[in-house]
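The structure appears right after this line, and notes come after that.
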Amino acid sequence: MTIRLYDTSARQIRDFTPLVPGCVSIYLCGATVQAAPHIGHIRSYLNFDVMRRWFAYRGYDVTFIRNVTDIDDKIITKSAEQGRPWWSIGYDNEQAFNNGYDALGCLRPTYEPRATGHVPEMIEMMRGLIERGHAYEADGNVYFDVRSFPGYLSLSNQELDNLLQPSGEGETGKRDPRDFAMWKSAKPGEPSWETPWGRGRPGWHLECSAMAHKYLGEAFDIHGGGLDLIFPHHENEIAQAKAFGDAFANYWVHNAWVTMSGEKMSKSLGNSVLVSEMVKQWRPIVLRYYLGTPHYRSMIEYSEEALREAESAFARIEGFIQRVVEKAGGPVEAAKEVPPAFAEAMDDDLGVPQALAIVHTTVRQGNSALAADDKDAAIARLSEVRAMLGVLGLDPLDPHWAGEADRGEDLHGAVDTLVRLVLEQRESARARKDWATADAIRDQLQQSGLVIEDSPTGPRWTLGPR
C-alpha cells in the first residue's frame, strides 16, 4: 500500500513517504477572514478533509494545521468601509467559515492558529533572515531580498527577470521592486505591533512561514492550498522558510477552483455563492457530495443543473441505504475495510471520481440483491457502501448527519401523515381495480416532487430530485 500524490514542486505524481513513519503532518492555508465564505473557499478545505480522512483510514497519525489570516490589507480596508473594528470583522467571518466547515461535515483541524497570535514568531524569523543577509529594513518596512535566494520561483517555474511582484500601498524603500514585504510599517489608525524596526503589522506571506515553523517544525510532509496561492504566496513562503534554515514542506498539493462562466469564483469579481445561502437551498450533505466528489485537481463549473444532478445521484445512494436498513430491521455496521478497487483509486492521487464509481457499482449490486430478496448480500453491500462513504465524509447514517434529519423530523411526520392518506386512497382504487384513478394519484404525487415506490410491505414515498 502506497499513497501517491501530485506534487506541484516536482510537477508529477510521487509516492508518499512520510518524514516520520506512521505520521503525516499537513499545513493548509486557511481563510483570510475579510468576508463570509463562498463555496470555492469551502471546497479547498473539503478536499483536504478527504485527504486527511484517507490518511487516517490508512493508519497514519495525522497532524492537521489550518491557519486563520485575521490581519490583512483587505480586512483593514473593510474596517474603514464599514466603520467597524478590524478584529470584529475578522471574528465574525472566522465564525462564518467554521459554520460552513461544520455544516459540510469537515473535521476540525488539530490546531487552528491565528496570525495575530504569532507576532513574536514572525519577529524571530525576520531577525534571523536579516542576520543571514536575506532581508533588510527600510522606512519601517522589512523586505525579503529575492535575489539572495537562488531557488526563488522554482515552485511557480517563473523567470526572475520577468517577475511582477504584487505590492501594497506604503511599500517604500525597496532595493529591488521584486522584493516582497514581510513587515509593513504602521499607518495612522491601523492596527500595529512593536518590533525592533518600529511599529507595524505582518505581511501575509510571513504569517504562514512562522506558524508552520511553530506547529510543525523545520520540516513537515504536505503543504496545501488553492492553485491561486502558488504565486506569490507559496513561492514567498518557501523563500522565507528555507532562507531561515527550514527544510519546509516535502510535498506541495494544490486544489483547483470552483468557477462561474469559466472565471474563478471570487468576491472581487462579484460571482461568488455564499455557503450560508447555499445551505438554505440545498441539503449540506448534497453540497458536500457536489464539491467533494470531483477530483481535487479538476475545476468545478458551478451550475444549478450540476447541483441537481448531484442531488439525484446521492438520492440513489440514500434510497438504497434506507431500503436495506428497513429490510435488516435496524442499523448495519460499516465494514472494517473498503473494497480493494476503492482503496486503489484513493491511493492514486485521491482519485475520488474513480472511488465513487465503485460506490455506485456496489449500490447497484445491492439493489439487485434486494430485488432477488437476498437479504444477506444486500446487507453486505450496504456494509461496504457505509465504509466507503465514511472515508468521503458522506455516510448519511453517521451521527454528524443525524442532525440534518432531526431538523426536518416534525415536518416529515406531518407530510407523511398527509401522503399516507392519499396513498390509502390509491390502494383502495387498486383494490377495486380502478387502475386509472390509482395511476392518476401516483402521477399527482410525483408532480408534487414525491417518488412513490411499491414495496412488499406497502407503498413508500421519498422526496424526488428538484
Considering residues at least two apart in sequence or located in another chain, which fulfil the salt bridge (Lys or Arg N to Asp or Glu O under 4.0 Å) criterion with D349?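 D349: salt bridge (Lys or Arg N to Asp or Glu O under 4.0 Å) contacts with R297.
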Distance from [X] atom [atom1] to [Y] atom [atom2], nearest 0.5 Å?
X	Y	atom1	atom2	value
I379	L382	CD1	CG	8.0 Å
L129	S148	CG	OG	8.5 Å
L356	M346	CG	CE	10.5 Å
K214	M122	NZ	CE	11.5 Å
D61	C23	CG	SG	5.0 Å
I89	D70	CD1	CG	12.0 Å

Is it the case that more than 12 heavy atoms not belonging to [X] sit under 6.0 Å from its [atom1] atom?
X	atom1	result
R4	CZ	yes
Y91	OH	no
E301	CD	yes
K242	NZ	no
Q95	CD	yes
E344	CD	no

Should the pair R323-E326 be classified as a salt bridge under the 4.0 Å nitrogen-to-oxygen rule?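 Salt bridge between R323 and E326, a charged N being under 4.0 Å from a carboxylate O: no.
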Does a salt bridge link D49 with R288, judged by any charged N lying under 4.0 Å from a carboxylate O?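 Yes, D49 and R288 are salt-bridged.
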Under 30°, 30 to 60°, or over 60°: which ring-plane class applies to [X] and [Y], parallel, tilted or perpendicular?
X	Y	value
Y289	H360	perpendicular
Y111	Y215	tilted
W54	Y57	parallel
F149	F144	perpendicular
F180	H205	perpendicular
F16	Y251	tilted
Y290	Y302	perpendicular
Y136	Y143	tilted
H41	H38	parallel

Regarding [X] and [Y], do their side chains bring together a donor and an acceptor under 3.5 Å, going by distance alone?
X	Y	result
W204	D73	no
N255	S44	yes
S383	R386	no
S25	D221	yes
D246	H213	yes
S209	E237	no
Q158	S156	yes
R381	N367	no

Side chains of [X] and [Y], heavy atoms from C-beta outward: is any pair under 4.5 Å?
X	Y	answer
D395	H400	no
S303	R308	no
I26	T63	no
M126	Q240	no
F55	I3	yes
L397	P331	no
L5	I13	no
V258	M299	no

side-chain contact (heavy atoms from CB on, under 4.5 Å) between V119 and T116, worked out: CA-CA 6 Å; V119 171; T116 54; 5.6 Å; no
Tell me the closest heavy-atom pair linking [X] and [Y], and the distance in Å.
X	Y	result
N250	D7	O-OD2, 3.8 Å
A378	F320	O-CZ, 4.0 Å
N93	V33	ND2-O, 3.2 Å
A241	F248	CB-CD1, 3.3 Å
I65	P113	CG2-CD, 3.8 Å
A115	I71	CB-CG2, 4.4 Å

Under the salt bridge (Lys or Arg N to Asp or Glu O under 4.0 Å) criterion, do E311 and R283 qualify, and how do the steps go? CA-CA 9 Å; E311 184 181 49; R283 294 170 56 209; over 6 Å; no
May I have the step-by-step check of side-chain contact (heavy atoms from CB on, under 4.5 Å) for L153 and E159, ending in yes or no? CA-CA 7 Å; L153 300 180; E159 295 291 336; 6.0 Å; no
CA sep, side-chain torsions, deciding dist, call: K264, D228, salt bridge (Lys or Arg N to Asp or Glu O under 4.0 Å): CA-CA 9 Å; K264 173 181 175 284; D228 53 320; 3.7 Å; yes
Start with the C-alpha gap between T293 and L394, add the side-chain angles, then the distance that decides, and say whether side-chain contact (heavy atoms from CB on, under 4.5 Å) holds. CA-CA 10 Å; T293 53; L394 285 167; 4.1 Å; yes
Pair D179-R147, salt bridge (Lys or Arg N to Asp or Glu O under 4.0 Å): steps then yes or no: CA-CA 8 Å; D179 294 345; R147 291 171 300 175; 5.2 Å; no
Taking the cut-offs as 6.0 angstrom to the six-membered ring centre and 45 degrees off its axis, would you call R108 and Y101 a cation-pi pair?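 No - R108 does not lie over the ring of Y101 by the 6.0 Å and 45° rule.
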Ring centre gap for H234 and H254 strictly below 6.0 Å: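 Yes: the rings meet the under 6.0 Å criterion.
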Test of ring centre spacing under 6.0 Å for Y45 and F64: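 Yes, ring centres under 6.0 Å apart.
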Could you go step by step and tell me if V50 and N47 meet the side-chain contact (heavy atoms from CB on, under 4.5 Å) rule? CA-CA 5 Å; V50 172; N47 287 151; 5.8 Å; no
Check the pair K74 / D72 against salt bridge (Lys or Arg N to Asp or Glu O under 4.0 Å), numbers first and verdict last. CA-CA 5 Å; K74 295 177 182 177; D72 174 83; 5.7 Å; no
